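Just follow the structure's listing: the first ligand is 1, and inside any ligand the first atom is 1. Every value quoted in this text rests on a predicted model; they were computed, and no experiment measured them. Heads up: numbering here begins at 1 and tracks the sequence.
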Amino acid sequence: MSSISITNTAKSSGIIRMTSAQKVAKLREILEELGVDGFLVPRTDEFQSEHVAPSSERLRWISNFTGSAGTAVITRDQALLFVDGRYTLQAKQQVDPEVFEIIWTGHQTLNVWFAAMGPDFSLAFDPWLHTEREMIRYSKAGIDLHPLAENPIDSIWNDKPEMPKAPIQTHDLKYAGQSHRDKIKDLCNKLHRHKVDACILTLSDSICWLLNIRGHDIPCSPVVLSYLIVYQDGRVDFFLNPEKVTEDVSRHLGSAITSYPLDQFETALESLVDKTVWVDDKTAPIQILSILQQSKAKLHCAQDPCILLKACKNSVELEGARQAHIRDGAALCSLFAWLEGALAKGTITEIDVDKKLLSLRQEQDLFQEVSFESITGAGAHGAIIHYRVNEKTNQSLEKGSLFLLDSGGQYLDGTTDVTRTIAIGKPGDEMKRHFTLVLKGHIAIATARFPYGTCGEQLDVLARMPLWREGLDYEHGTGHGVGSYLNVHEGPQRIGKQVSNDATPLMLGMIVSNEPGYYAEGAYGIRIESLVAVREANIAGTKKYYEFETLTMAPICIDLIDQSLLTNDEITWLNDYHALVLKTLSPHVDDATHKWLKIQTRAL
Ligand SMILES: [Mn+2]
């Protein structure tokens, strides 16, 4: 899981800071000049990033809302902020209620609201910040949509930070497992087979995967904000801030890849006259499709061809993931061993844990940064699924409570994401019952075997059934894909309740999280999360069967288990897993941690 807030790095000297009310008033003046009724402010950037650079924090700038998902609509006389269930509470705390009305999307969706405005309502939007898929949905509400050449917020944002320009780092072949030349060659062959002249890539993680590069444009996600055009003949045009391309990077990219400033991208699109162009209409900005259509290019709309290739890790990436998880597990166990000792001596807060964990990860080889801001949920905070501690909310870990710790690291050889829930002092019977039900779901996924072609959506029920039987559930997905030293959330595979027509089957080498949970509001939260990789199951027969290999190496809190609720098979799985964790981590931890580890991995 991940929830990230980015600190505004704008210089404050000599700039008059406007209130949210003043910003909205200025925006309304522009709406009036443009002769439109409203403007749409999404959270994302022109690369459809989940987490955005400070220069793209337009929603935060106008509303003060820092959540990772949400959309504002500002009209001549109303300002609305639409957020999902994770963020209603946070939005209430952050926005000025005199200016913005908060609308929970579970109660009213944007489309329902648009439909109520009627066909005369004209809505302006920035066509670089929305996909075609999204705009088709809004057009179904029957309103009048107006793409703007310039984002009006940018013209009133007086202290807008610069776009990031951190240098690119090359991603070594010993971590990537396949050269970017081979990847590009495979892609060009694919374009040839589909009779496509060129392919437009707009997702930063796809571009980084294809070119074997990483960046530092956004905290926690080592991507390079850029666009790419790959031509069938092997030429590649790369659009980004050229300052990011050092001499080393230029040598790595080679002569077939030419870098251009980002502002030349439109001209390059316009030059694709009469060409057949592969573009992902689900993820590309609608502006790209409009330009291509105006250039009379023939559109081949299909999923970004890098998404699936990137999701299926090769053997080098999988081995890297295993190694990264050993180092990450060693850091996490050192944290828990330290915590036990520290709690015996005095008070420890959520921030203390966060800082200590970061310092322990920083001691590990190949560690770069965290893969998301840690969720350190003490007591009732554990029930807030996207809880992020700050000085105001910081709470100490109290006896008789649970502590939920969800965190991860970016290592050169892999990305980690792990949640463990531990008992502080003696846990109550209800806590143990809920924890054991979550564990049963976790084990059901960890031990699942399924035929080729099975989607994560079909496995989701395995994780929930022990809870469902007791009338309990959790309001988040069971699993998300994870990158290889890339985004901690990536598709296309997932394990979740929502059934969609274009679900992707689980394929060999995919990494996905296994993270069922249970949340008792106002009391405690439980989540057990490990990353797993899809591998072949050794079953005799003609059909291919798959199973999961658990990559995460960290004990599951034995003190929270009600053994009477587990089957013999479940106990065997847990004992085997703990024996493996002990054996694997022992050479990598100090004596004190080893002592703790031996106790925590004892057989049931
Ligand atoms: Mn996760």
Begin from the C-alpha positions of R361 and E369 and carry the test salt bridge (Lys or Arg N to Asp or Glu O under 4.0 Å) through to its verdict. CA-CA 9 Å; R361 282 205 165 101; E369 61 179 329; over 6 Å; no
Might you work through the side-chain hydrogen bond (donor to acceptor under 3.5 Å, both in side chains) test for S374 and D354, ending with a clear yes or no? CA-CA 7 Å; S374 304; D354 195 21; 3.2 Å; yes
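Each side chain to side chain donor-acceptor pair (under 3.5 Å) pair with one or both residues in residues 456-472, not counting sequence neighbours, appears once here: R433-E470, D460-R464, D460-T478, R464-D473, W468-D473.
With 2.8 Å as the limit, E529 counts as an N, O or S neighbour of the Mn ion (ligand 1). Within the coordination shell of the Mn ion (ligand 1), defined by N, O or S atoms under 2.8 Å, H489 is absent.
Looking only at its N/O/S atoms, H480 has NE2 as the one nearest to the Mn ion (ligand 1). Its N, O or S atom nearest to the Mn ion (ligand 1) is what matters here, and for E515 that atom is OE2. The Mn ion (ligand 1) is closest to atom OD2 of D417 (considering only N, O or S atoms).
Side-chain contact check for T66 and Q90: at least one donor-acceptor pair (N or O, by modelled atom type) lies under 3.5 Å. Judged by distance alone, the side chains of H489 and D417 never bring a donor and an acceptor atom under 3.5 Å apart.
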